[in-house]
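Take a look at the structure set out below.
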Amino acid sequence: QVQLVESGGGLVQAGGSLRLSCAASGRTFSRYTMGWFRQAPGKEREFVAAISWSTGSTYYADSVKGRFTISRDNAKNTVYLQMNRLTPEDTAVYYCAADSLSAVSTTASQYDYWGQGTQVTVSS
């Protein structure tokens with residue numbers, strides 16, 4: 001069982017930055033692939049980024065590539081999402097998720113555990 005708690009969301013102006021954190025409980029955090037998803041009002045939840053537990057490889061949605069960076073600190077049981085050059089289109093609730101499989105998936109249904117989400121609002 002893994003419990004996830006996101007933090008770091010807030011209101012920022014376009015062009016600004018935020019860093020989201022996701023703290024995980026459980027001693028096997030290092031064995032979970034971690035992902036970030038987001039959901040804007042009236043839209044489906046979409047993949048943002050993921051990091052494999054086995055290889056450390058990272059994957060990004062095209063819409064955030066070059067602006068967002070996912071990283072993890074297994075010693076702290078925490079995964080981060082550094083978001084730079086934010087635009088109003090990035091406004092959404094951001095969710096952290098954990099997947100027990102080593103292969104990274106961009107599909108939300110593949111992930112086993114989810115946090116409660118943190119709101120990110122980017123003003124123009």
Side-chain angles (χ1 to χ4, degrees):
Q1 187 79 8
V2 175
Q3 292 184 328
L4 305 173
V5 179
E6 302 97 334
S7 61
L11 174 64
V12 63
Q13 288 188 335
S17 299
L18 282 175
R19 188 175 81 155
L20 305 183
S21 299
C22 174
S25 65
R27 292 176 292 179
T28 59
F29 170 78
S30 61
R31 300 295 294 272
Y32 283 85
T33 287
M34 300 300 297
W36 286 96
F37 289 75
R38 66 187 182 186
Q39 188 166 18
K43 295 187 177 180
E44 293 188 354
R45 191 167 298 190
E46 65 172 358
F47 171 78
V48 175
I51 183 166
S52 168
W53 70 262
S54 58
T55 65
S57 299
T58 56
Y59 301 83
Y60 298 93
D62 288 342
S63 59
V64 307
K65 201 171 294 182
R67 299 188 298 122
F68 291 11
T69 303
I70 188 172
S71 61
R72 65 190 299 162
D73 185 338
N74 289 338
K76 295 183 178 180
N77 280 10
T78 301
V79 63
Y80 304 97
L81 185 67
Q82 177 67 44
M83 306 186 295
N84 298 327
R85 303 200 307 276
L86 286 160
T87 73
E89 288 68 36
D90 295 315
T91 295
V93 177
Y94 282 71
Y95 297 90
C96 171
D99 178 5
S100 59
L101 297 181
S102 61
V104 170
S105 174
T106 62
T107 304
S109 60
Q110 180 65 53
Y111 288 75
D112 304 301
Y113 303 102
W114 291 83
Q116 82 290 348
T118 186
Q119 176 70 48
V120 171
T121 303
V122 185
S123 63
S124 58

Drop me the distance from [X]'s [atom1] to [Y]'s [atom2], to the nearest 0.5 angstrom.
X     : Y     : atom1 : atom2 : value
Asn77 : Met34 : CG    : CE    : 9.0 Å
Gln1  : Ser25 : CD    : OG    : 7.5 Å
Asn84 : Leu18 : CG    : CG    : 9.5 Å

Within the 4.5 Å heavy-atom criterion, are [X] and [Y] side-chain neighbours or not?
X     : Y      : result
Thr33 : Leu101 : no
Leu4  : Glu6   : no
Ser17 : Met83  : no

Expected output: side-chain [X] to main-chain [Y] donor-acceptor under 3.5 Å:
X      : Y      : answer
Arg67  : Arg85  : yes
Tyr111 : Ser105 : yes
Asp112 : Ser100 : yes
Thr107 : Ser109 : no

Output all residues satisfying side-chain hydrogen bond (donor to acceptor under 3.5 Å, both in side chains) with [X], sequence neighbours left out; order by chain, then residue number.
X     : result
Asp99 : none
Arg19 : none
Ser54 : Ser52
Tyr94 : Arg38

### Query
Among pairs that include at least one residue of residues 54-92, which meet disulfide (SG to SG under 2.5 Å), considering only residues two or more places apart or in two chains?
none

### Listed once per pair and sorted, the disulfide (SG to SG under 2.5 Å) pairs that draw on residues 68-97, sequence neighbours left out
Cys22-Cys96

### Message
My understanding is that a hydrophobic cluster links ILVMFWY residues whose side chain heavy atoms are under 4.5 Å apart, including indirect links. Using that, what else belongs to the cluster containing Tyr80?
### Response
none

### Query
How does the hydrophobic cluster around Leu11 look, that is, which other residues are in it when side-chain heavy atoms under 4.5 Å mark a link?
none

### Task
Please report the closest heavy-atom contact between Ala50 and Val104, naming both atoms and the distance.
CB-CG1, 3.5 Å

### Task
Measure across Thr78 and Ser21 and return the closest heavy-atom pair with its distance rounded to 0.1 Å.
CG2-CB, 4.3 Å

### Query
Please, which pairs that meet ring pair (Phe, Tyr, Trp, His ring centres under 6.0 Å) have at least one residue in residues 38-61, sequence neighbours excluded?
Phe37-Phe47

### Task
Please assess Thr69 against Leu81 for the test side-chain contact (heavy atoms from CB on, under 4.5 Å), listing each intermediate value before the final yes or no.
CA-CA 6 Å; Thr69 303; Leu81 185 67; over 6 Å; no

### Val122: partners by side chain to side chain contact (heavy atoms under 4.5 Å, CB included), with sequence neighbours left out
Val12, Ala14, Leu86, Pro88, Asp90, Thr91, Val120

### Listed once per pair and sorted, the salt bridge (charged side-chain N to carboxylate O under 4.0 Å, His left out) pairs that draw on residues 53-66, sequence neighbours left out
Asp62-Lys65

## Note on the structure
So salt bridge (charged side-chain N to carboxylate O under 4.0 Å, His left out) across residues 70-80, not counting sequence neighbours, yields none

Would a hydrophobic clustering, with Ile, Leu, Val, Met, Phe, Trp and Tyr connected at side-chain separations under 4.5 Å, put [X] with [Y]?
X      : Y     : value
Ile70  : Phe68 : yes
Tyr95  : Trp36 : no
Tyr113 : Leu20 : yes

### Query
For atom CD of Gln3, is the number of surrounding heavy atoms from other residues, nucleotides or ligands below 6.0 Å larger than 12?
no

